[in-house]
Amino acid sequence: MSWDDTICSNRSAYFKMYYTQRGVIGAQADNKSKASRASSQNSLSSLIRERMGKPDNPKSKTRADLGLMVLVAFLFIVIVAGISLTTYFYNLHLLEKHNKSVTPGGLVQEEEEYDDMVCLDWTALARVQLRKLPSVDDVQCYSVWWEAAKEDFTLKDCLKVGGDQGAWWGGGEMSDGGYPVTNANVPPTQMVTGKLGRDSWGQLLRRTWLSEFSSLLSLPDSFKGHVSVNYENDGQICLESRPQPSLSYKFPVLKYWLCTAQNLSALTYHLHTEALAQKKTDVQPVKNVAVRKPEVKAENVTVSVNVSSPKDLQMEEAKARVKARIDHPVWIPWMSPDQPLLTQDAILQYVDKVVNLTYGYKGYVLLPPSWQSQPGDLVFDPKRFPDPVAMARKIEEKGFKMALTIHPFVSVDAPTFNKGTQEGLWIRQRKSDLPALTNYEDTYPSAVTDFSNPRAKHWFSVQLKKLKRMYNIDRFHLKPADSHDLPAYHEYHMPIPGPDAILSHFLDSVSAVSPPISTEGAVMPPGAPTFLTLGNSDGSWEGLETLVPRVLTLAMLGFPFVDVGAVGGIARAGHIPNRELYIRWMEVATFLPAMQICVLPDKYGTEMAALAEKYTKLRKTVVLPRLRKKIPEALEKGTPLITPLALFSPNDPVAAQVSDEWILGTDLLVAPITNRGQRSRNIYLPAGIWKDEIDGHLLRGGRWIKDYKIPLTKIAYFTFKSLHNDPA
């Protein structure tokens with residue numbers, strides 16, 4: 001039996017076992033089918049006898065009887081032929097629909113090529129097609145397509161994870177960390193973007209999972225079913241398609257792909273090439289869009305970078321922007337409780353404090369969305385910012401660059417709301433031209449910009465170009481709407497696979513001016529130089545405990561450029577994180593690709609300021625050189641800037657399970673403390689000789705170091721020396 005047959009057989013056996021246990025496949029179904037056929041035949045015979053008024057006696061056949069029999073036989077042949085042709089064309093139609101399905105990575109192919117196919121059918125219940133696709137990049141993929149045969153039938157397929165099946169990682173940000181997925185507990189829910197703490201999934205997703213045995217499970221962008229991950233510790237990733245008739249499919253359908261490769265590196269590179277391929281299918285640049293009014297046409301604005309894909313950017317430009325992003329934090333002005341609203345003077349005072357800290361850091365000064373008069377009007381509040389041009393110039397003179405946070409919400413009180421409603425720029429109510437309203441930040445009734453509408457994308461880009469022309473500001477941080485923030489009953493200008501597909505259109509609109517410095521929402525890697533900013537529901541210990549597992553999950557999924565967010569958690573007016581939490585968060589962020597700082601260390605006194613300066617020097621001398629060396633490979637192959645132990649030591653089953661350690665460069669292992677009050681932890685060192693950078697001792701790897709002591713003001717990190725395990 002070939003490996004291909006084994007996959008088909010295992011999938012079929014699982015499906016048959018699942019439904020046989022529920023009494024819907026097997027003898028009962030066959031008996032009912034036979035009874036139904038017998039009943040139909042008896043009814044047809046009785047009807048003929050009744051119409052002819054003669055007993056059913058072969059001996060009394062006349063010439064008329066023979067003629068009737070010929071007629072019945074002819075009709076029978078016609079009916080059988082009709083049923084056969086109908087079945088044939090119906091199956092042909094199913095194949096055509098499947099050929100136009102979405103391939104791994106979200107690509108639409110009119111004719112999906114395949115090397116082999118197996119079709120299985122359970123009469124009146126469901127059918128499945130399994131196709132062996134042509135191998136790409138030494139990765140062999142198989143498409144699996146289920147379709148129910150009746151409307152009220154739920155399709156469910158589960159994949160065992162953990163234990164003998166090895167470690168699995170993926171899916172994206174989960175509120176409980178979820179690295180590997182056996183540490184998650186996600187109930188059956190739609191896999192759409194949400195907020196950590198409130199929802200099971202965060203705003204950074206990729207509907208893909210991979211295993212230490214180099215296997216991969218991937219869902220299409222159009223997947224609208226439910227996903228559960230290790231729900232109630234069941235050790236499974238389960239996919240469900242429930243009855244939900246649509247224009248495309250009357251009955252529930254379930255599509256996914258299974259892939260295998262020789263090693264994990266091949267799979268991660270495959271994910272990278274898929275992300276690049278999907279960018280080629282994005283909507284054309286908005287500068288070519290026709291608009292209703294001449295004054296809204298695209299302007300000839302010269303920008304150094306106007307798309308977000310590394311292949312379209314000049315490589316040196318991409319490298320320079322990524323390097324600047326990891327070299328310097330993003331500064332978010334902290335506002336005191338007695339002055340919660342941003343003002344021009346408060347921002348300049350904050351920048352002066354940063355300069356006086358003598359860290360040597362520069363970077364972006366990022367203004368939160370409240371820089372606007374009304375949410376979504378994309379205009380500085382003239383009362384709080386009387387001279388934005390002077391403010392931007394002074395910030396630049398100090399070595400910084402201003403960036404603005406933007407989002408798709410538009411307040412009903414914004415001047416642009418009425419005009420946008422007339423132009424049809426907002427997501428609208430179903431079967432209506434009226435905008436569908438929702439609440440922005442739970443306070444402002446707002447519309448949501450419909451980036452599936454080319455005219456809306458162009459309008460948004462024009463507003464950003466005005467900001468560039470008027471204030472010389474062309475750096476933006478995206479704060480997209482998650483799927484739960486959208487109006488309950490809405491529709492888009494253009495059909496899209498799901499609510500999160502709008503994220504790429506938002507990114508495309510902003511990239512027409514300049515690629516964003518970062519985004520808080522994505523379902524595919526946005527491409528350099530845009531970083532992903534991890535979500536933090538609040539500045540809490542729970543946020544720090546799940547921080548490293550979330551970073552490692554994104555690294556496995558092909559997201560190389562990650563910003564861990566504000567040190568201490570959420571940047572909120574008047575919020576000062578707990579002192580111990582701030583220290584531990586600063587230690588973790590020092591060894592990760594990029595960070596934000598809102599609360600300055602001197603808020604805690606001179607001792608904290610000195611500690612921050614120590615970690616600044618450590619980052620510049622130990623961390624940044626290793627991160628910089630990884631940039632070219634991250635741009636070309638999508639390899640993460642930090643390496644999970646599972647990729648560093650791929651044949652080590654223990655390393656595959658470690659969720660709170662990582663490798664910098666090729667030789668530096670980091671093992672922080674992320675729990676309140678903890679002063680020691682167990683540390684796993686992969687095989688080899690490692691130097692303890694706290695006390696200088698050499699340690700043998702391939703084992704756990706139990707109860708390793710780590711004071712509050714230190715972080716454990718080790719340098720790899722050799723593969724020989726000589727020291728004790």
Side-chain angles (χ1 to χ4, degrees), residues 166-169 179-180 183 210-214 261-269 548-549 551-556 560 562 587-588 590-593 615 618-619 621-634 637-674 678 680-711 714-728:
W168 283 76
W169 319 274
Y179 182 96
N183 289 332
L210 60 163
S211 81
E212 66 172 300
F213 296 148
S214 305
Q262 292 296 319
N263 51 58
L264 279 174
S265 296
L267 276 185
T268 54
Y269 179 67
V548 175
V551 172
L552 297 180
T553 295
L554 295 174
M556 296 298 292
V562 175
E587 292 170 350
V588 173
T590 297
F591 287 85
L592 289 172
Y615 279 115
L618 183 64
R619 181 172 176 85
T621 57
V622 175
V623 178
L624 290 182
R626 289 174 167 84
L627 289 175
R628 290 169 186 157
K629 287 182 181 179
K630 298 280 284 187
I631 292 175
E633 190 178 7
K637 298 183 179 180
T639 55
L641 293 179
I642 59 113
T643 307
L645 263 59
L647 293 179
F648 178 78
S649 186
N651 298 318
D652 185 343
V654 178
Q657 301 285 342
V658 177
S659 62
D660 56 357
E661 301 177 23
W662 66 94
I663 301 292
L664 265 176
T666 59
D667 64 344
L668 190 71
L669 184 147
V670 186
I673 282 181
T674 58
Q678 190 173 336
S680 66
R681 58 160 291 172
N682 297 333
I683 297 175
Y684 183 75
L685 298 178
I689 302 301
W690 298 84
K691 179 184 176 182
D692 185 336
E693 295 296 344
I694 290 182
D695 61 19
H697 292 162
L698 295 179
L699 300 171
R700 174 171 52 84
R703 60 173 180 148
W704 286 95
I705 308 299
K706 300 290 187 178
D707 196 29
Y708 182 92
K709 300 294 188 294
I710 308 174
K714 292 185 181 295
I715 182 172
Y717 64 103
F718 305 80
T719 305
F720 182 75
K721 293 301 181 182
S722 74
L723 282 173
H724 302 290
N725 281 334
D726 295 328

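The shown structure was predicted, so the numbers you read here are calculated from the model rather than taken from an experiment.
- Between Thr590 and Ile715 there is no side-chain heavy-atom pair separated by less than 4.5 Å.
- Counting heavy atoms from C-beta outward, Trp662 and Pro640 have side chains that stay 4.5 Å or more apart.
- Distance alone, capped at 3.5 Å, places no donor-acceptor pair between the Ser649 side chain and the Leu645 backbone.
- To the nearest 0.5 Å, atoms CG (Asn183) and CD (Gln657) are separated by 7.5 Å.
- The side chain to side chain contact (heavy atoms under 4.5 Å, CB included) search around Lys629 returns none, not counting sequence neighbours.
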Next item on the list: Carefully, step by step, assess Leu647 and Met556 under the rule side chain to side chain contact (heavy atoms under 4.5 Å, CB included).
Entry: CA-CA 8 Å; Leu647 293 179; Met556 296 298 292; 3.7 Å; yes
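- Shortest non-hydrogen contact noted between Val548 and Glu661 is CG1-N, 4.4 Å.
- A tilted orientation is assigned to the rings of Tyr717 and Phe591, their planes being inclined by 30° to 60°.
- Counting all heavy atoms, side chain and backbone alike, Lys714 lies closest to Ile694 at CD-CG2, 4.2 Å.
- Across Ile710 and Ala716, no two heavy atoms sit closer than the pair CD1-CB, 3.6 Å.
- Here the closest non-hydrogen pair linking Ser214 and Leu267 is C-CD1, 3.4 Å.
- The side-chain heavy atoms of Pro180 and Trp169, taken from C-beta on, include a pair separated by under 4.5 Å.
- For Arg700 against Leu685, the heavy-atom pair with the smallest separation is O-CD1, 4.4 Å.
- Between the CG atom in Leu264 and the CG atom in Asn651 there is a gap of 9.0 Å [rounded to 0.5 Å].
- The heavy-atom pair separating Val588 from Pro672 by the smallest distance is CG2-CB, 3.7 Å.
- You'll find the side chain of Thr674 stays beyond 4.5 Å of the side chain of Arg681, heavy atoms only.
- Among the candidates Tyr684, Tyr708, Trp690, the single residue satisfying the ring-ring contact (aromatic ring centres under 6.0 Å, His included) test with Phe718 is Tyr708.
- Arg626 places no side-chain N or O within donor-acceptor distance of the main-chain N or O of Leu641, the cut-off being under 3.5 Å.
- To the nearest 0.5 Å, atoms CG (Asp707) and CG (Asn682) are separated by 7.0 Å.
- No more than 12 heavy-atom neighbours from other residues, nucleotides or ligands sit within 6.0 angstrom of CD on Gln262.
- Residues satisfying the ring-ring contact (aromatic ring centres under 6.0 Å, His included) test with Phe213, not counting sequence neighbours, are none.
- In this structure, the separation between OG1 on Thr666 and CZ on Phe648 is 7.5 Å, given to the nearest 0.5 Å.
- Across Thr643, Leu592, Leu669, Val623, a single residue satisfies side-chain contact (heavy atoms from CB on, under 4.5 Å) together with Leu664, and that is Val623.
- Residue Glu693 holds its CD atom at 9.5 Å from CG of Asp695, rounded to the nearest 0.5 Å.
- With values rounded to the nearest 0.5 angstrom, Leu699 atom CG is found 8.5 Å from Ile689 atom CD1.
- Considering only heavy atoms from C-beta on, Leu627 comes within 4.5 Å of Leu624 through its side chain.
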Margin query: Checking Ile642 against Leu552 for the side chain to side chain contact (heavy atoms under 4.5 Å, CB included) test, could you report, in this order, the C-alpha distance in whole Å, the side-chain angles of both residues, the deciding distance, and whether it holds?
Written below: CA-CA 8 Å; Ile642 59 113; Leu552 297 180; 3.9 Å; yes
